[in-house]
Each structure stands twice: as structure tokens, then as C-alpha cells.
Amino acid sequence: MLMLAVFHLFFLLVTQASPLDQVLKYIDDHQDDYVKHLKEWVSIQSESGDPLKRDKVIEMVHIAGKAIESLGGSVELTDLGTEELPDGKMIPLPPVVLGELGTDPNKTTVCIYGHIDVQPARIEDGWATDPYVLTERNGKLYGRGASDDKGPVLAWLHAIEAVQALKQELPVNLKFIFEAMEESGSKGLEKILSEKNATYFSNVDYIVISDSGWLSSNPALTYGTRGLCYFLVEVQCAKQDLHSGLYGGVVHEAMTDLIALLDSLVNSTGHILIPDIDEDVVPLTNEEHLLYKTIEFNPEGFKDNIGATRLRHETKEDLLLHRWRFPSLSIHGIEGAFSGPGAKTVIPAKVIGKFSIRLVPDMDPNKVNRQVATYLSQVFAERRSPNKLRITLNNGSKAWVADVTDKQYVAGRRAISRVFGVEAELIRGGGTIPIVRMFQQTMQKSVMMLPIGGAGDAIHSQDESISRDNYINGTKLLAAYLAEISQL
Ligand SMILES: *[C@@H]1O[C@H](CO)[C@@H](O)[C@H](O)[C@H]1NC(C)=O
Ligand SMILES: *[C@@H]1O[C@H](CO)[C@@H](O)[C@H](O)[C@H]1NC(C)=O
Ligand SMILES: *[C@@H]1O[C@H](CO)[C@@H](O)[C@H](O)[C@H]1NC(C)=O
Ligand SMILES: *[C@@H]1O[C@H](CO)[C@@H](O)[C@H](O)[C@H]1NC(C)=O
Ligand SMILES: *[C@@H]1O[C@H](CO)[C@@H](O)[C@H](O)[C@H]1NC(C)=O
């Protein structure tokens with residue numbers, strides 16, 4: 001009798017797995033379907049940077065819209081008008097997919113952003129297999145967009161589908177915004193965000209973005225990215241290129257001026273020499289510094305990976321701080337300089353130096369622009385050069401940083417420990433993802449980056465991939481996040 005009761009209790013425990021556990025199991029059981037869907041999406045060559053492939057990009061937009069509709073959502077394809085190509089030709093911009101699923105005023109509303117366009121890829125670039133045929137090798141799914149960002153977009157849709165297939169109630173209301181110009185500067189996106197801020201987006205509580213990767217094999221939440229100011233410095237000494245045999249020794253050479261200007265920007269220890277450039281950098285607190293201690297990052301491996309002999313910093317903390325938390329200045333190139341093989345004795349008439357500064361909170365791009373212009377003009381004046389100097393300031397983007405104690409981050413951390421059984425790594429990015437800040441600035445809501453891609457996914461590169469584990473466990477993570485955020 002007792003035996004029977006115990007057995008009965010055991011039976012109850014087994015059959016009454018929590019709703020989320022059922023979802024996670026469902027996701028495991030359907031992983032081959034999810035890989036098949038990714039294969040279908042990867043086969044569409046939605047390269048937003050190639051005007052000849054614009055119809056593919058638009059086809060991808062329709063496929064994504066249909067996928068939301070098949071979950072029962074309503075979809076609006078928002079027209080963005082046309083794009084003017086450098087030759088003056090006009091082509092249509094792909095519409096933005098706006099989707100809505102659930103309007104229960106008692107539920108939290110989560111807005112999911114993703115992009116369905118991709119970077120260019122051709123097998124001749126050195127891919128092991130056709131970039132547009134998803135191919136599984138050694139547990140990895142290779143294909144353009146597998147990790148950036150078709151895999152993560154599908155992972156969201158699959159997470160929702162799993163909840164519905166089990167006849168569970170969706171824990172949140174969802175708004176989707178999927179764009180197809182992300183790899184080409186997100187043309188038109190900001191306009192849509194501001195136009196629809198007071199209407200379509202007004203009830204959004206949280207914005208979550210899964211479009212980046214982990215730093216190591218540990219699951220991570222990304223809470224900051226750096227901003228960017230990009231500069232062009234032009235020096236002109238003559239109206240045409242000159243022969244150094246005829247003019248060497250008599251003209252003030254543009255290239256010499258430019259090299260001196262570029263050399264005045266940063267010293268050999270990496271300090272930016274522009275006065276007061278870092279006066280607005282938020283001081284590092286002890287608490288924040290502690291976050292860096294627990295992050296898994298191997299300085300030696302990082303160095304060896306790029307084939308560098310020595311880096312500017314040695315410890316894990318210093319390296320990560322300088323990648324994410326402090327500004328940096330990089331010199332990118334010189335247009336107009338002789339750069340071919342051989343020994344040409346030219347004095348270039350006009351050269352344009354290109355450099356940029358990665359910004360961190362609370363640096364302001366407009367102020368950085370002014371500081372750079374003032375400083376370079378002064379360095380140039382001291383050279384007493386008669387040449388023409390022109391500094392072009394581009395619209396910079398500010399850095400983004402989120403409050404990691406915000407509810408959304410609590411939900412993200414809980415979801416990670418639920419699915420992976422480990423603590424989330426809190427990381428930042430050294431690069432610039434303008435849309436993240438755009439969302440935060442326009443909507444004034446909490447934004448979180450919840451990546452599912454791995455550290456070695458080679459996005460934008462040859463042999464981009466996402467591991468099957470990341471793709472499937474990532475789908476579980478997104479399902480767990482929706483369950484967790486609904487309870488906060
Ligand atoms: C929202 O919650 C209130 C209070 O619990 C309840 O009266 C109302 O019916 C709920 N609305 C919906 C749409 O479920
Ligand atoms: C967008 O709407 C939110 C309220 O949903 C508001 O707080 C915010 O200020 C608005 N943004 C702009 C730029 O008006
Ligand atoms: C670079 O500049 C910083 C700040 O002015 C200074 O502390 C450092 O010694 C300089 N390094 C070199 C190699 O000159
Ligand atoms: C940034 O772009 C806007 C619109 O194109 C322009 O009005 C503004 O002057 C620009 N700002 C800077 C600092 O270049
Ligand atoms: C991730 O997925 C793989 C295969 O699906 C599984 O073996 C592994 O345990 C998962 N990892 C975690 C931490 O859940």
C-alpha cells in the first residue's frame with residue numbers, strides 16, 4: 001500500500017514537469033525541425049549591401065512576416081521608401097517587419113528586435129562549403145546568417161511556437177521589429193522608431209536583442225557597447241601629384257604634414273594625446289571592477305589568436321577594460337597615398353588620413369568632434385605649413401550602457417542559470433551597435449542584449465556558423481527569459 005502511494009507520488013512528480021520544463025523538452029525534441037528552418041532561411045541570399053540582391057532581401061522580409069503570422073501574430077510591413085545608389089539609381093528599401101502577438105493589458109510587453117539581412121558571402125572568398133547551404137560539421141551549422149542574425153531570430157520564433165504547441169498561455173505580449181538593412185546602416189529604422197514611439201511602441205516595457213555572441217564558452221548578457229566618432233583629415237599641397245626628382249626639397253609635402261598630424265594623436269602606450277579627451281569618462285567604481293574578475297577570458301590565447309607579440313596590457317582585467325570601458329583611437333588608412341608594390345617617386349598632391357575614436361560613457365560625440373578639430377588645427381598651425389587642411393567630422397554615435405540591476409537583467413540572469421546551470425557572464429562590447437542606443441534613446445525603455453551566438457562564430461567572415469548546441473540551448477534560453485520576465 002505504502003509502496004503504491006510512493007509510486008503514485010513519484011508518478012505525479014514525473015508527469016507534472018513545470019510548464020517551462022515541458023517547453024525546454026519540447027525544444028530538444030524538435031531541434032531537427034529548427035535546423036531545417038534555419039537551412040531554409042540561410043538559403044535566401046538577403047545581402048542588404050548588394051543592390052542586385054534587393055529582391056532576395058525583400059523576399060526574406062515576407063518570409064519573416066509570414067512566420068510571425070503563422071504564430072497567430074498580426075504583421076505590418078512598413079514601407080521605408082527608396083534608396084539612392086551612388087550612380088543615382090533608386091531601388092526600394094526593404095520594409096521593416098512589425099509584428100504583434102498578444103495584447104493582454106495585464107501582461108508585460110516585450111519587444112524583440114532582430115535582423116534578417118546578411119553580410120555578403122561567396123564560396124570563392126574561402127568558405128569550406130557553399131555559404132548559402134547550411135551545412136553541419138562537427139556540431140556546427142555553417143552558413144551566412146546562421147549566427148548573425150537569422151539563427152537568433154528563428155530561435156525567438158521557435159521558443160514561442162514551443163509554448164503554443166504545448167497549449168500553454170504565452171507569458172508576455174510580444175512586439176517584433178525585424179529589419180533587413182542592419183548590415184547597411186539600418187537605413188530608415190530610426191525614423192520608424194520615432195514615428196511609432198507614441199503609438200505602436202507605447203506599451204513596450206522591455207526591448208531585447210539577440211544579435212551578438214558570448215565572450216567564451218560561458219553564456220553572457222551584454223550591457224554595454226562603445227560609441228564611435230570617425231574622422232577624415234585632408235591635406236593638399238598641390239593641384240596634381242608631383243615628381244620627387246623635380247619638386248622634392250622645395251614643396252611642403254602633404255604627406256609629411258599628414259603623418260605628423262596622425263602621429264600627434266596617440267602615443268606608443270596608447271594614450272590619446274588630445275587634451276581633456278577623457279574628462280567625461282565615467283570613473284570606474286570598485287563594484288564595476290569586480291564584474292571583470294569573474295569573466296572568463298584568456299589573455300594569452302587572445303594574443304596568440306591574432307599573432308601579436310605583445311599587447312599593451314597584460315592582465316585579463318586591463319585588457320577587457322581597454323576593449324570595453326575606455327576610449328581608444330585607431331588610425332585606419334590614408335587615401336591618395338602611394339600604396340602599390342614597387343618604388344614610385346611620387347609626391348601625392350592630396351592625402352586623406354582616416355582615424356576614429358571609440359567612445360565610452362559619458363563622452364559626447366559633438367564635444368569629441370570639437371576637441372579633435374581644435375587640437376589638429378593647433379598641431380597643424382605649429383608646423384607653419386602653407387598647405388590646405390580640411391577636417392571632416394561625421395555624425396558620431398554615443399556609447400550605450402545599461403543598468404545591470406534592472407529587472408530585465410535579473411530575468412536574463414535567471415534564465416541563464418535555469419537553462420545552463422551557471423551564472424551569466426556580464427560583458428560589454430568594444431564595437432558599436434548604433435541600434436541599441438537608438439532603441440534606448442527613442443523609447444526610453446530598458447534594452448538588453450541576450451546573445452545566443454558562440455565566441456567563435458566568425459560572423460561577417462568566412463565559415464560563419466552557430467553550433468547546434470548554442471542554437472538549441474539558445475532557443476531554450478529565450479523561452480526561459482520570456483517566462484522569467486513575466487514574473488518580475
Ligand atoms: C486583468 O487583471 C484584472 C485584475 O486581476 C482582471 O479583473 C481583468 O479581468 C484582467 N484583464 C484581462 C484582460 O485578463
Ligand atoms: C517615447 O515614448 C515613451 C513612452 O512610451 C516616452 O517615455 C519617450 O520620451 C518617448 N520618446 C520620445 C523621443 O518622444
Ligand atoms: C603617453 O602619454 C601618457 C599620458 O600623457 C604618459 O603618461 C605616458 O608616459 C606616455 N607614454 C609614452 C611612451 O610617452
Ligand atoms: C548630424 O546629422 C544631422 C542630419 O544629417 C545634421 O543636421 C547635423 O548637423 C550632423 N551633426 C554633426 C555633428 O555632423
Ligand atoms: C546544450 O545542448 C547540448 C546538446 O543539445 C547538451 O548536451 C548540453 O548539455 C546543453 N548544455 C547545457 C548547459 O544545457
Side-chain angles (χ1 to χ4, degrees), residues 16-28 30 34 71 73 99-114 151-177 203-214 218-224 291 294 402-427 436 439-440 443 445-453 469-488:
Q16 294 195 337
S18 78
L20 179 59
D21 284 332
Q22 293 174 28
V23 170
L24 303 186
K25 174 159 189 328
Y26 182 96
I27 291 170
D28 253 339
H30 290 78
Y34 301 159
L71 297 173
E100 181 168 25
L101 183 58
T103 53
D104 183 340
N106 290 347
K107 287 184 187 168
T108 299
T109 299
V110 174
C111 175
I112 295 170
Y113 164 90
V153 168
L154 274 170
W156 282 117
L157 301 177
H158 293 145
I160 295 159
E161 189 185 50
V163 172
Q164 293 179 332
L166 292 164
K167 306 265 186 289
Q168 294 181 14
E169 190 180 337
L170 275 178
V172 294
N173 301 318
L174 293 158
K175 293 249 155 121
F176 304 91
I177 174 162
N203 64 342
V204 167
D205 298 300
Y206 301 103
I207 298 128
V208 57
I209 299 176
S210 187
D211 178 23
S212 56
W214 301 346
N218 297 332
L221 293 177
T222 308
Y223 69 97
L291 287 177
T294 56
D403 173 5
V404 296
T405 62
D406 176 272
K407 276 187 186 169
Q408 175 157 232
Y409 282 81
V410 174
R413 291 161 94 153
R414 284 190 190 162
I416 284 179
S417 54
R418 179 76 191 258
V419 172
F420 296 96
V422 297
E423 281 297 307
E425 229 165 45
L426 290 168
I427 64 171
V436 180
F439 272 100
Q440 192 183 41
M443 296 196 199
K445 303 279 166 64
S446 156
V447 183
M448 179 170 77
M449 295 188 75
L450 179 59
I452 66 169
D469 280 3
N470 272 63
Y471 182 46
I472 301 306
N473 294 346
T475 305
K476 295 182 200 171
L477 171 62
L478 302 183
Y481 160 78
L482 295 177
E484 294 289 352
I485 192 76
S486 72
Q487 287 164 22
L488 287 169

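For reference, positions follow the sequence shown, starting with 1.
- Side-chain contact between Val422 and Pro219 is present, with heavy atoms from C-beta onward closer than 4.5 Å.
- Nearest heavy atom pair, residue Gly151 against residue Tyr471, reads O-CE1, 3.4 Å.
- Put simply, CG on Asn203 and NZ on Lys445 are 7.5 Å apart, with the number rounded to the nearest 0.5 Å.
- Between Pro152 and Asp211 the shortest side-chain heavy-atom distance does not fall below 4.5 Å.
- Below 30°, between 30° and 60°, or above 60°: for Tyr113 and Phe439 the angle between ring planes is above 60°, a perpendicular geometry.
- The distance from atom CD1 of Ile452 to atom CG of Asp469, rounded to the nearest 0.5 Å, is 12.0 Å.
- Not a single donor-acceptor pair under 3.5 Å links the side chain of Glu423 to the backbone N or O of Ser417.
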Let me see the working for Met448 and Tyr481 under side-chain contact (heavy atoms from CB on, under 4.5 Å), right down to the final yes or no.
-> CA-CA 11 Å; Met448 179 170 77; Tyr481 160 78; 3.6 Å; yes
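- The closest donor-acceptor contact from the side chain of Asn173 to the backbone of Asp104 lies under 3.5 Å.
- Using a cut-off of 4.0 Å between Lys/Arg side-chain N and Asp/Glu carboxylate O, Asp21 and Lys476 are scored as not salt-bridged.
- Proximity of Leu482 to Ile160: side-chain heavy atoms (C-beta onward) are separated by under 4.5 Å at one or more points.
- Applying side chain to side chain contact (heavy atoms under 4.5 Å, CB included) to Gln408 and the options Ile485, Leu221, Leu450, Ile207 leaves one that passes, Ile485.
- Leu426 has its side chain within reach of Arg413: a pair of non-hydrogen atoms, C-beta onward, lies under 4.5 Å apart.
- When side chains are defined from C-beta on, Glu100 counts as touching Thr103, because their heavy atoms get closer than 4.5 Å.
- Side chains of Gln168 and Gln22 form a contact here, defined as non-hydrogen atoms less than 4.5 Å apart.
- The ring of Tyr223 has its center no closer than 6.0 angstrom to the ring center of Tyr409.
- A donor-acceptor pair under 3.5 Å is absent between the side-chain atoms of Gln440 and the main chain of Ser446, judged by distance alone.
- With a 4.5 Å cut-off on side-chain heavy atoms, Tyr206 and Val172 do not count as touching.
- Within a 6.0 Å radius of CD in Glu169, other residues, nucleotides and ligands contribute 12 heavy atoms or fewer.
- A pairwise comparison of heavy atoms in Thr108 and Ser486 identifies OG1-CA, 4.4 Å as the closest pair.
- Aromatic pair Trp214/Phe420: ring centres closer than 6.0 Å.
- Note: Glu484 CD to Ile416 CD1 = 11.0 Å, rounded to the nearest 0.5 Å.
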Before giving the answer on side-chain contact (heavy atoms from CB on, under 4.5 Å), spell out for Ile177 and Cys111 the whole-Å C-alpha distance, their side-chain angles and the decisive distance to 0.1 Å.
-> CA-CA 7 Å; Ile177 174 162; Cys111 175; 3.8 Å; yes
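- For the pair Gln164 and Leu101, the minimum side-chain heavy-atom distance is below 4.5 Å.
- Annotation: the span from Tyr26 atom OH to Leu20 atom CG amounts to 15.0 Å, rounded to 0.5 Å.
- Minimum heavy-atom separation, Ala220 to Pro451: O-CD, 3.2 Å.
- Note: Leu478 CG to Leu154 CG = 11.5 Å, rounded to the nearest 0.5 Å.
- Note that the CD atom of Glu161 and the OG1 atom of Thr475 stand 10.5 Å from one another [nearest 0.5 Å].
- Put simply, the side chain of Asp205 gets close to the backbone of Thr109: a donor and an acceptor are under 3.5 Å apart.
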Lys175 and Val110: CA distance, side-chain angles, deciding distance, side-chain contact (heavy atoms from CB on, under 4.5 Å) verdict | CA-CA 6 Å; Lys175 293 249 155 121; Val110 174; over 6 Å; no
